[in-house]
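Order of the sequence lines fixes the chain letters, A, B, ..., with proteins taken first and strands second; residue numbering starts at 1 for each chain.
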Amino acid sequence: MTTDSGSAQADSNNGQPTELASLYDPAQVEGPMYDLWQEGGHFHADPAAGGDPYAIVIPPPNVTAALHLGHALNNTLQDNMIRWRRMMGCNTLWMPGTDHAGIATQTVVEKRILAEEGKRRTDFQRDEFIGRVQNWKDEYEARILGQLKAMGCSCDWERTRFTMDATCARAVREAFFKLFSDGLIYRGKRLVNWDPATQTVLADDEVEHQTVEGSFWYLQYPLEHPVEINGQRLEHVTVATTRPETMLGDTAVAMNPNDPRAAALVGKVRVRLPIVGRLIPIVADDHVVMADPESEDEKAKFSTGFLKVTPAHDPNDWAIGQRHNLPAINVMAPDGSISYEHGWTDWDEVRNADVEQLIGLDRFEAREAIVNWFRGENLLEDVRPHAHEVGHSYRSHVPVEPYLSDQWFIAVKKQIPSLPDAGLIAGTDVPVNSLAGLALKPLLEGRVRFVPERYTRTYQTWLENLRDWPISRQLWWGHRIPVWRGKAPESPQQTDWQDVPSSLRVGDADLPAQWRTEQGEVYVYVVAPPNRPDVEQKLDEMGFAQDADVLDTWFSSGLWPISTMGWPEETDALNFYYPTNVLCTAREIITLWVSRMVMFGQYFRGDIPFSTVFIHAMIQDGEGRKMSKSLGNGIDPLDIIASHGADAMRFTLSYMTTETQDVRMPVAEMTLPDGRKANSSPKFDNGRNFCNKLWNSGRFVMMNLAEMTAGEFDRSQMQLEDRWILSRLMRTVDEATQAMENYRFHDCLESIYSFFWSDFCDWYLEVTKPRMRDEQTRLVPQRILAYVLDSLLRLLHPFVPYITEALWQHLGQVVADRSLDAEAPAPPARACVVAAWPKALQDLRNDDAEADFAQVQRAIRAIRNIRSRMNIAPRQPLTAIVRAGEDELARLNSAADTVRHLASLERLETSATAERPRASAMEVVETMQVYVPLEGVIDLDQERERLGKQIAEKEKFIGGSQNKLANESFVSRAKPEVVEAERERLGRLQEELAVLQANLKDLQ
RNA sequence: GGGCGCUUAGCUCAGUUGGCUAGAGCGCUACCCUUACAAGGUAGAUGUCACAGGUUCAAGUCCUGUAGCGCCCACCA
């Protein structure tokens, strides 16, 4: 976008207000205004200043990549709220920061290093690799913070945090220590979601399900010896599986106890596992669905009645294994290849040539090889296509492998020992005083609420069905788990973590400890307390080693609301701003993040972290697809800022924010001012146009205020349009304020927008132009222009901060005090960012003025309409004759100048009995008739047709209204005021019809 | 498999407790560079509110069902 209209701000001379360009150029304004706010210290939150606290913690963006449009929306809305509350006089804090995003960041850095240097993580020393990730983090953190600033976010930058900085690390250490001491963290061998690509465990909610077109393979497992059932000889059983490769680890075949064949099979005969040769039992378990090809049940349709049981590689099988005491044989390495080195306990007994050929194959290669083996041995009974949901890593996107491994867990449904036993939350198995219970209770009590409310359920059901949270990750980038493991120096009483709140004395410290027997040896796990390097050193000396793993990223982000404020220290910020007010986020992390913050806030701080969770829409592209790098449909907020301006972006995003759950953003490649091509969206045109309009109207108002005189304002000197615009303003202030209170950003902007554009620009500015030309008549409208513009800038500031601030600064130079009078003050402020939000003054509300002015508007529109229809030049002077009731005419006459001016009339005649001049065009609006005498030919047929249409329409409505009123039930059952309104409406319609008919008759 | 959401003008979407002669922006048509703004102004056209039932005096709005689209959750026989 280029313009020859010069820079937005010419040099000021002699202290005169600067000239403003006619095209708003955001690039000229945004930087200086942001500097002005920063220099003014307006974003800094000071608890000592007291007042009403209002705080928001930012959902810390991941340092994996620069911010995208979703972030732009998220942060725009937060800034809307913070700026609004600041103007409402609250002591506001918007806490900024970024998230280290463990697995995600490590993955992108690994990928980049592999691509650029051909090296893998394991080619580096741990510290060296972390240094590389740190560099990435530094780069992206800077970019992200820069983006937030460019968007205009009014965060308290002095408090900027990072989930791995010293303050947050301190909180993590404290939190881990407390959880461990309370026996809420334990080490366990469990089946976890394993990502073979990144080789780490994933929490349930880090697994994404995708539909995969797979197959069912029907494999025959020979029986140890044939069995006779009802005279039929059975030599093998057939199992159906989607993952044949796991059969190497089968340790049983299960069947339903009600299966008629069970009596002859269960416990009577074993199965010889093909390839491996392992003899495995047949067990009875209710979990197995019996075969029934006729059944509606999907499972019964494909079931053979026999289920292969692989405890080490399937969660259901794990459960069956637990019930029947089956061994778990792990046949895979962490990278997903077939291996006998990771828990294949009977390898030495079963190894043979066939099995050995499979060792080292990737799990999918092994699948093929095994299927081929079965086919070759004639044991492959059938293959059927089968579409099913397969869990994939949300980071590497490869299928997740259920994998047996040792991990640290948080016990989420365990009664917290330090709290009283308060039973279960009704209808659940969740103890009130468990971590899950602590997160659930405030929701049920209404202390935490979701907006929109429907998201409550997502949160609730998730917590109710929560399983223990695996918190260790086999990564390098993250908070290292502060657990040290060593040979137990003394004999423990027991080795069951659950019942032994025990400790180990190290130096002068008693460390919480858990004992475990591993490979016949007793080990002790202890947690080193925060800020005790001496203890850590002592542990090292004792030959203890720190756990190599790091914590799940959500462990530290769950602490975000308290860690950023300095917990566990009793900081002023924590005391003043906690609990915060609103958490603003998208629905995708309600479970991942929101619930954990509530859990931790409640447990560590004894209070909820925020009282409202505002969930906003997710942005999709024009086709309803997710925006992503791989699709090439992502948009960088900085590119929108370059193409349209930050305010335009914010305006459009805020305006789009309704209660809907998805919004679409058509993506289009655009050329930016610097010549680059980048993705942006024409959706932002609306915002840009709005800003330009605001800029120009502000410019125009200020031109007219140049020689404004202050002094007493005499309200009695106001004319109809003055009373009208003030009334409309107050109505708007009222609507906007209510909308903001209810997180209705669209409604708020809609209200301000229509007031600004339709009422203020289209009408008030136009109406007052003639009055502005005269030194005497301009006095009143000048004061009102100043007051209304001042109010508008305040109303719009939370949404479009830059342009409103720029105009505010200019306006301040033109008119220092825009107060109307003592009752309608406009408290001066040195910056719009800290100006007071307007109050809706009831004494300026004026329904009569609004009704009267509406009448004037109707008359003007009628004349313009005739002009347009008759193809008469806009400024050709005309005479108009208006016939209407006495009251209506009185209103019109009181604003005759306005009508003449805005309709470009030479003469306006009003009469209750006027006749239509023979050569004239006419317009009937309600009961008002407007005639415009014209020279030349009037097409009477056309006029009659128009009237005929209007009559038909009117009759239709009258018919409907009459039917309604003739309906006995309506009259008796509808609310009286509704019936009364309907009667009035019918009366009005009939009057209007009569006028139309009279005029039609006149044309005959 | 469970849950949630959407379907309103050519396009993108508003429409809070049922009272609607259903709105906005963009686009479209005609006229206008009227010294704030052409990123603008004036005037105008356009809708079986997905479909089928039901509740009600009254349904875009509430209920049930159907279809299409999208999302979230769920241990892959």
Next on the checklist: Does Phe690(A) reach a base, just sugar-phosphate, or nothing at all? Heavy atoms under 4.0 Å.
Outcome noted: nothing
Checklist entry - Is it the case that Lys769(A) places NZ or CZ above or below the six-membered ring of Phe700(A), under 6.0 angstrom from the centre and within 45 degrees of the axis? => result yes
Checklist entry - Looking for any heavy atom pair under 4.0 Å, which part of the strands does Thr461(A) touch: base, sugar-phosphate only, or nothing? => result nothing
Checklist outcome for this item: Any strand, both distances under 3.5 Å, Watson-Crick or G-U wobble: C33(B) pairs with none
Checklist entry - Below 6.0 angstrom between ring centroids: does that apply to Phe614(A) and Phe745(A)? => result yes
Item to check | Touch class at under 4.0 angstrom, heavy-atom based, for His287(A) against every strand present | outcome: base
Next on the checklist: Mind checking if Lys954(A) touches a base, just sugar-phosphate, or nothing, with heavy atoms under 4.0 Å?
Outcome noted: nothing
Checklist entry - When we call it a touch if two heavy atoms are under 4.0 Å apart, what does Arg875(A) touch: a base, just sugar-phosphate, or nothing? => result sugar-phosphate
Checklist entry - Do the side-chain N or O atoms of Asn316(A) get closer than 4.0 angstrom to the phosphate oxygens (OP1, OP2) of C76(B)? => result no
Item to check | Cationic N near anionic O, under 4.0 Å, Arg988(A) to Glu926(A) | outcome: no
Item to check | G-U wobble or Watson-Crick pairing nucleotide for G1(B) (cut-off 3.5 Å, both distances) | outcome: C73(B)
Checklist entry - Taking atom types as modelled, is there a side-chain donor on Glu991(A) or Thr927(A) under 3.5 Å from an acceptor on the other? => result no
Item to check | For G68(B), the Watson-Crick or wobble partner whose two distances fall under 3.5 Å | outcome: C6(B)
Checklist entry - Between Asp250(A) and Thr310(A), do the side chains contain an N or O donor and an N or O acceptor separated by less than 3.5 Å? => result yes
Next on the checklist: Classify Glu766(A) by what it touches in the nucleic acid, base, sugar-phosphate, or nothing, heavy-atom distance under 4.0 Å.
Outcome noted: base
Checklist entry - Looking across every strand, which nucleic acid part, if any, lies under 4.0 Å from Val309(A) by heavy atom: base, sugar-phosphate, or nothing? => result nothing
Checklist entry - When all nucleic acid strands are considered with a 4.0 Å heavy-atom cut-off, which category describes Arg869(A): base, sugar-phosphate, or nothing? => result nothing
Checklist entry - Across the strands shown, which category fits Asp762(A) at heavy-atom distances under 4.0 angstrom: base, sugar-phosphate, nothing? => result sugar-phosphate
Checklist entry - Within the structure shown, what part of the strands sits under 4.0 Å from Thr658(A) by heavy-atom distance: base, sugar-phosphate, or nothing? => result sugar-phosphate
Checklist entry - When we call it a touch if two heavy atoms are under 4.0 Å apart, what does Trp757(A) touch: a base, just sugar-phosphate, or nothing? => result sugar-phosphate
Checklist entry - Applying a 3.5 Å limit to both distances, which nucleotide forms a Watson-Crick or G-U wobble pair with G25(B)? => result C11(B)
Next on the checklist: Students often get this wrong, so: under 4.0 angstrom with heavy atoms, is Ala240(A) touching a base, only sugar-phosphate, or nothing?
Outcome noted: sugar-phosphate
Checklist entry - For Arg467(A), which contact category applies under a 4.0 Å heavy-atom criterion: base, sugar-phosphate, or nothing? => result base
Checklist entry - Between Arg384(A) and Tyr218(A), is a side chain to side chain donor-acceptor pair (under 3.5 Å) present by the stated rule, with each step listed? => result CA-CA 8 Å; Arg384(A) 293 193 211 160; Tyr218(A) 287 79; 3.2 Å; yes
Next on the checklist: Please name the nucleotide paired to G53(B) by Watson-Crick or G-U wobble geometry with both distances under 3.5 Å, or report none.
Outcome noted: C63(B)
Item to check | Pairing partner (Watson-Crick or G-U wobble, both distances under 3.5 angstrom) of C20(B) | outcome: none
Next on the checklist: Output the rounded distance in Å from CD (Glu464(A)) to P (G2(B)).
Outcome noted: 18 Å
Item to check | Along RNA chain B (nearest heavy atom to each residue), the more 5'-positioned of Asn689(A) and Lys683(A) | outcome: Lys683(A)
